[in-house]
Amino acid sequence: MALVLNEEQGMLRDSVKAFLSERAPVAHLRKLRDSRDALGFDRQLWRQFADQGYSAILVPEAQGGLGLGAVEAGIIAEALGRTLTPWPFLSTAVLAARTLARAGSPAQQTELLPKIAAADVVIAYAVDEASKHRPAAIAAKAARDGSGWRLDGAKTFVLDGHVADRFIVAARTSDLGLTLLLVDPRAAGVQIERTLMVDAHNAARLRFDGVRIGADAVLGKADAAGAVLDEVLDLGRAVIAAQLLGLADAVFELTLAYLKERRQFDRAIGEFQALQHRAAELYIDIELTRALVLGALQAVDENPAKAALLVAQAKAHACTTADRAVQEGVQMHGGIGMTDEFDIGLYMKRARTLQELLGDAGFHADRVAAMNGY
Amino acid sequence: MALVLNEEQGMLRDSVKAFLSERAPVAHLRKLRDSRDALGFDRQLWRQFADQGYSAILVPEAQGGLGLGAVEAGIIAEALGRTLTPWPFLSTAVLAARTLARAGSPAQQTELLPKIAAADVVIAYAVDEASKHRPAAIAAKAARDGSGWRLDGAKTFVLDGHVADRFIVAARTSDLGLTLLLVDPRAAGVQIERTLMVDAHNAARLRFDGVRIGADAVLGKADAAGAVLDEVLDLGRAVIAAQLLGLADAVFELTLAYLKERRQFDRAIGEFQALQHRAAELYIDIELTRALVLGALQAVDENPAKAALLVAQAKAHACTTADRAVQEGVQMHGGIGMTDEFDIGLYMKRARTLQELLGDAGFHADRVAAMNGY
Amino acid sequence: MSELETFRRETRAWLEANCPAQMRQPVASESDACWGGRHFKFQSEAQRRWLQIMGERGWTVPAWPKAYGGGGLSKEEAAVLNAEMRALGCRPPLVSFGIWMLGPALLAHGTEEQKLEHLPKIARGEIRWCQGYSEPNAGSDLASLATKAEVHDDHLIINGQKIWTSYADEADWIFCLVRTSTAKKHTGISFILFDMESPGVSTRPIVLISGKSPFCETFFDDVRVPRRNVVGELNAGWTIAKYLLTHEREMIGGIGERSNVKPLGEFAADAVGRDASGRLSEASLRAQIARFEIDEAAFRLLLQASGDRARRGEGNPAMSSALKFYGAELNKRRWELMISAAGADGLEWEGERSNEGTLARTWLRSKGNSIEGGTSEIQLNVVAKRILGLPGV
Amino acid sequence: MSELETFRRETRAWLEANCPAQMRQPVASESDACWGGRHFKFQSEAQRRWLQIMGERGWTVPAWPKAYGGGGLSKEEAAVLNAEMRALGCRPPLVSFGIWMLGPALLAHGTEEQKLEHLPKIARGEIRWCQGYSEPNAGSDLASLATKAEVHDDHLIINGQKIWTSYADEADWIFCLVRTSTAKKHTGISFILFDMESPGVSTRPIVLISGKSPFCETFFDDVRVPRRNVVGELNAGWTIAKYLLTHEREMIGGIGERSNVKPLGEFAADAVGRDASGRLSEASLRAQIARFEIDEAAFRLLLQASGDRARRGEGNPAMSSALKFYGAELNKRRWELMISAAGADGLEWEGERSNEGTLARTWLRSKGNSIEGGTSEIQLNVVAKRILGLPGV
């Protein structure tokens, strides 16, 4: 497969970019932040986004979706990365949609997938329990309780958790076995605390104290969610890598324009060779990330055997590149880059959150070493 | 204590620098290398060096030495690092001298220390057994054998091993206990193989097959050499760090001169800002190493409780700095830097060997983490 | 007993007798500082009193001449006072840009009249000063500044804008660089003083990516300033500006050295946990922190060595640029590693658990270290030219 | 069956029938290559014969016109021949700077007479060429070259020195840049061909820090060259030189991609050992290798993507500079990590155990990657200017 977008994918990229830069540019996030919006996103705008089919990418056609793949989801995420738009795309339209499509019962799919496609539901994905991403260390526990389950534990860094209509919770049901459960936020014993994060996107901490859950809330087979979870997390990581790529691209464009326009010592600062070389190296890093991210997204769709390795490489590389882009972005902008009024700080904050999300560069480099046998 | 050399130390530095640049500059090493000298160094010249007292720095005054400390030994090593002079200074005048002074019996001291001061003996220090420095993993074994010992095992990367008059061998004598033994190279069961290294300095591999050693060959107490070995190795590491500092200094001088002299695109290449910034960062790294190395040497002399940490930091930092200096040195020189005719390649080779010697930057960074409790 | 010893004994006795107990508590936060000025709200009566009695003795500026409100102490006596204050835990009675920056400049370049007018008020904390240097289009390239002062017979009319004016919204007077001639970049600049209550002066606080800040934008709209408020010759302010910039760079040099922060390795091990053998459980983070601690140790020793060399008269003045550069980069690395160790918890921005996002805000604020007080790029240029002697472009 | 399929079948049959068995063994070392030329010592009769029969068909240069000794094949046919040779494991019959570099230049810029004289001899491997570009004072800045050719009526007299002339000591002819006018830097250069046996030509091999090398210094002392050996217009050789440099940069682009080397992680784990859970026992080396492998994977994919984009006509020609830069730096990192993993053993320089220091020599040789074929600095300049559009100084 060629490492370039095909024609349809190119059109999708252009249309979603145009949609977002027109309707939900960075100023949109800024407004939500400054008004301390209770929801954290604009539901109406999000529905318009869904009207374009963008939320339906990973929803199977049978459930009213587009039945497309990771590459297309990555295209959307890349565009969202450029504009920092705070929609529940990753949580709901990627992680939840793919979990339901892979492991959901017909009843679960029929109930929820069309709503995802229509942006009629927010589903939050609750995996992490500590400050660093460590899916192998999940300790939240679901114990058999009559025909159903009883859930105890805590989750953190749950995107869109405080506005979710449903949670998908990964819980330990035996020493080696995990189970994915659909949990109603309004159930007794559920505590939700909105966490206001540096990037002004939504997140929450959850506590479950003896929450009773029906047998029909299990996604797929009890005790055997490991494989589905791995696959869905890898999809999510590849999509986040695409989002970091879009973010790095946008920051680099801002910075490059500034290098050409800002004058010091009677020259454009972009004439200074030290800055030129740093900009050139950053450009190359971004191009490397672009190739690797597309390779990883394609592998998720077409080559599952190689997907885990490529996704780990892509997430690690995208983290490093986006980090370099925002660091250089702020530094090259000088004082103005330090002001809240200017957008680059928002990019730096978002980049840091996306790095942490589902594993930072160190986490994924460690996985690469393990997968490559050393 | 002030972090500057005192007056005597400053005079020592000037005199040894002058001596070496006059009598044993880089051309001297080149000549030995190209003539495939069997000894690997010039014994007569080495004696002249000793005549100045330079080999007697760490020999106590009672044995005809100067009874000076690590700072002074470091000054000599720094100068040797500048000229790449291949003398048995580290093996004999540092490691062996300090071991004998600390742990030697009166008979051992009386026999060997005056000879060290006079450059009448070469004593090689045999610690390493594998390609990476791992003193905790010493496996060469000395077993009780009548009143003496029987030594079996192999050592590698033994500086000056093929021309040594005596070895000091670190051998395991119990699960946790090490013993330092004086071994005669001519003893039955000793095999010596000269290893021709990239830096044209002397090294050897040794094999011991049932080598019988008298009771009087033990340095200090049997089974309890750990503390002496640790102390001597740290002294050696600090001295090597000083040698790397001298090397980095010399390479930087060469490079800086070239930046000012070489013209391209109608300008001195030192006018190009990208090179200026890289040179400035390298300069700062060298100054950082200089301060840290002096701090470590002073601690070895005056503050044993802090010495281990400072030495590990200094060796790690010096490795990284010298590496940066030779990498930038070759790159900034361009094609000429790649030719054997030009000296910079000799510096790159020596820098690599000194990095490996008694632990590279990774080894010492690991020790820093352990000593700092994480 | 030497005179200096007598001075020490008397000073200690006086401090013990006169420094209020409350002013001998350790400083808890930046807001404990006493900045003085017309509108300053003292935190306590003790703070007010401490300023007053120290000001009366001239010990807010012990080495300035008595005629200008100083203590008239010798260098050695001032050092003794300092040491005794530290020994007793006395807080500084006054912190002030007037003391740190304007004072030295006036002492060196001011007229007798200017010294008599301004220095005593600085010493007593009656007037709080701010500094008007940077402009939106003159950051690193200060000589490009465009704020214009039209020279008339006995006054100047100032129009333009300054940025990064620390505490401009709380200051009484400003010392300011303005362009009085466009003939030449460096020589057309004058150093001028004026009251922030003059008609036409307004300020606007700057919010940083880390949140609130002491910085302001300051606007001048036909501000009328008496000609006698120019310090030094007209069009010769660049000399004074350079003098102050060097001063400032040295003050910032120690930025990488923060002793009140928990050691990084310990912080990280607490945050991410340890493996069975006690090692920080993220191996690659562990290695990065070790490399950081090595570089930090080297930096501390280089600061010390530079001081020792300077005391011997062997220092290179441009070394302060090297230290400023490295200190800033080191501090940025520290906070990158802190935020990395803290993970998602470190990214909280509000709320009690995160102490209102202190960690994240400190991390973001550190990005300014390599910009303020001369960018890292400028420092490297200085090192390349003034220490390495590389040719200019 | 399409014509191309017929061609494929016939080609395969011919190769199977005619390629000597020995020439279907994998190439073991660089010395297995057939370089041709007057003094070439064939390694075997099979090697001689393989060159001869391929040369007769013009299949050493399958896409060149038949009139110039080529195979006259279409691009598609040449690709088929290439694929079939690879499928059968046939060695290239001839490797040659004549084929790679001079040929394309002559085809584009040579006179009919020059083409007829030189191209067939290149195709048949009769004349071995070397390239005379770099000079001691004209490396990256090639336009500064100083080797002088005095123009007379029907000949030129050449004086000067070239450096980095690969295999000059084994070559028969040289294609060379010389200065024919000092009026302007770029326009006073001519592209000229001459016999290395001409009186006044001498060569001296260059020893590198890694040991022996194919490079030479080449000296010209009053070398007389017929005027008809100038390619293109007099003083217009810069165009041809630039054409060839771009060509060369693309050839070197793939340098970071070496599939015949053991994966780094495996090599390192074998060298330094593993801990109880199977991880490479030096944690910091392990992390560095993982980062390297990530960057290497990205580089492979970027090479592929660049090819795919170019095939779509979306490529930027300056991208080859980006690839050259990154490939070189990556390869240097690879060998740094290899030598670091190998420890003291990797630093042996002679002797059987180290295979005569192969690892250390390869490590040192890799340092040249970021210098030869345009330094890394030059590549970054090109990226900054031609891709990012940053203003020139």
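Numbered from 1 within each chain, the chains take letters A, B, ... in sequence-line order. As the structure is a prediction and not an experimental result, all values here were calculated from the model.
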- Query: Under 4.5 Å, heavy atom to heavy atom, which residues of residues 127-137 of chain A contact chain C?
  - Reply: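 If one takes a 4.5 Å heavy-atom cut-off, the residues of residues 127-137 of chain A near chain C are S131(A), K132(A), R134(A).
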
Spatial distance of atom [atom1] ([X]) from atom [atom2] ([Y]) [nearest 0.5 Å]:
X       : Y       : atom1 : atom2 : value
E336(C) : Q327(A) : CD    : CD    : 4.5 Å
I269(A) : T375(C) : CD1   : OG1   : 9.5 Å
Q355(A) : L347(C) : CD    : CG    : 9.5 Å
S354(C) : M197(A) : OG    : CE    : 9.5 Å

- Message: Quick check for you: among G368(C), S284(C), A360(C), S144(C), which has the greatest number of heavy-atom pairs under 4.5 Å with chain A?
- Response: G368(C)

- Task: May I ask you to name which of G346(C), S340(C), G273(C) has the most heavy-atom pairs under 4.5 Å with chain A?
- Result: S340(C)

Test item: [X] and [Y] side chains (from C-beta on) under 4.5 Å apart, heavy atoms:
X       : Y       : value
M348(A) : K367(C) : yes
E377(C) : Q264(A) : no
I371(C) : V330(A) : yes
R262(A) : N137(C) : yes

Picking from [options], which has the most non-hydrogen pairs under 4.5 angstrom with chain C?
options                            : result
D360(A), V198(A), D323(A)          : V198(A)
D266(A), T156(A), L275(A), I344(A) : D266(A)
A274(A), G335(A), A203(A)          : G335(A)

- Note on the structure: Across all chains, not counting sequence neighbours, the side-chain hydrogen bond (donor to acceptor under 3.5 Å, both in side chains) partners of T353(A) are D199(A)

Does any backbone or side-chain atom of [X] lie under 4.5 Å from a heavy atom of chain C? Answer side chain, backbone, both or neither.
X       : value
R194(A) : neither
E193(A) : side chain
I336(A) : backbone
F265(A) : both

Is [X] close to chain A through its backbone or its side chain, or both, or neither, when contacts mean heavy atoms under 4.5 Å?
X       : result
I339(C) : both
E350(C) : both
A341(C) : backbone
A271(C) : backbone
S134(C) : neither
I206(C) : side chain
R361(C) : neither
L364(C) : both
S376(C) : both

Less than 3.5 Å apart, which donor and acceptor atoms pair up between the side chains of residues 164-171 of chain C and the rest of the protein, not counting sequence neighbours?
| unit_1 | atom_1 | unit_2 | atom_2 | d |
| --- | --- | --- | --- | --- |
| T165(C) | OG1 | C216(C) | O | 3.3 |
| T165(C) | OG1 | T218(C) | OG1 | 3.0 |
| E170(C) | OE1 | R128(C) | NH1 | 3.1 |

- Query: Between V207(C) and E341(A), is a side-chain contact (heavy atoms from CB on, under 4.5 Å) present by the stated rule, with each step listed?
  - Reply: CA-CA 7 Å; V207(C) 181; E341(A) 215 172 335; over 6 Å; no

- Item | side-chain contact (heavy atoms from CB on, under 4.5 Å) between M338(A) and E372(C), intermediate numbers included | CA-CA 10 Å; M338(A) 283 297 294; E372(C) 60 207 337; over 6 Å; no

- Counting only N and O atoms by type, is there a donor-acceptor contact under 3.5 Å from the side chain of E348(C) to the main-chain atoms of T195(A)? no

- Any donor-acceptor N/O pair, K349(A) side chain to I209(C) backbone, under 3.5 Å: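 Between the backbone of I209(C) and the side chain of K349(A) there is a qualifying donor-acceptor contact (under 3.5 Å).
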
- Is the number of heavy atoms from other residues, nucleotides or ligands within 6.0 Å of NZ (K260(A)) greater than 12?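 Yes.
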
- Item | Those residues that, when tested against R352(A), pass salt bridge (Lys or Arg N to Asp or Glu O under 4.0 Å) (two or more places apart) | E356(A)

- Message: side-chain contact (heavy atoms from CB on, under 4.5 Å), that's the test. Do D345(C) and R205(A) meet it? Break it down for me.
- Response: CA-CA 11 Å; D345(C) 290 353; R205(A) 291 177 188 253; 3.0 Å; yes

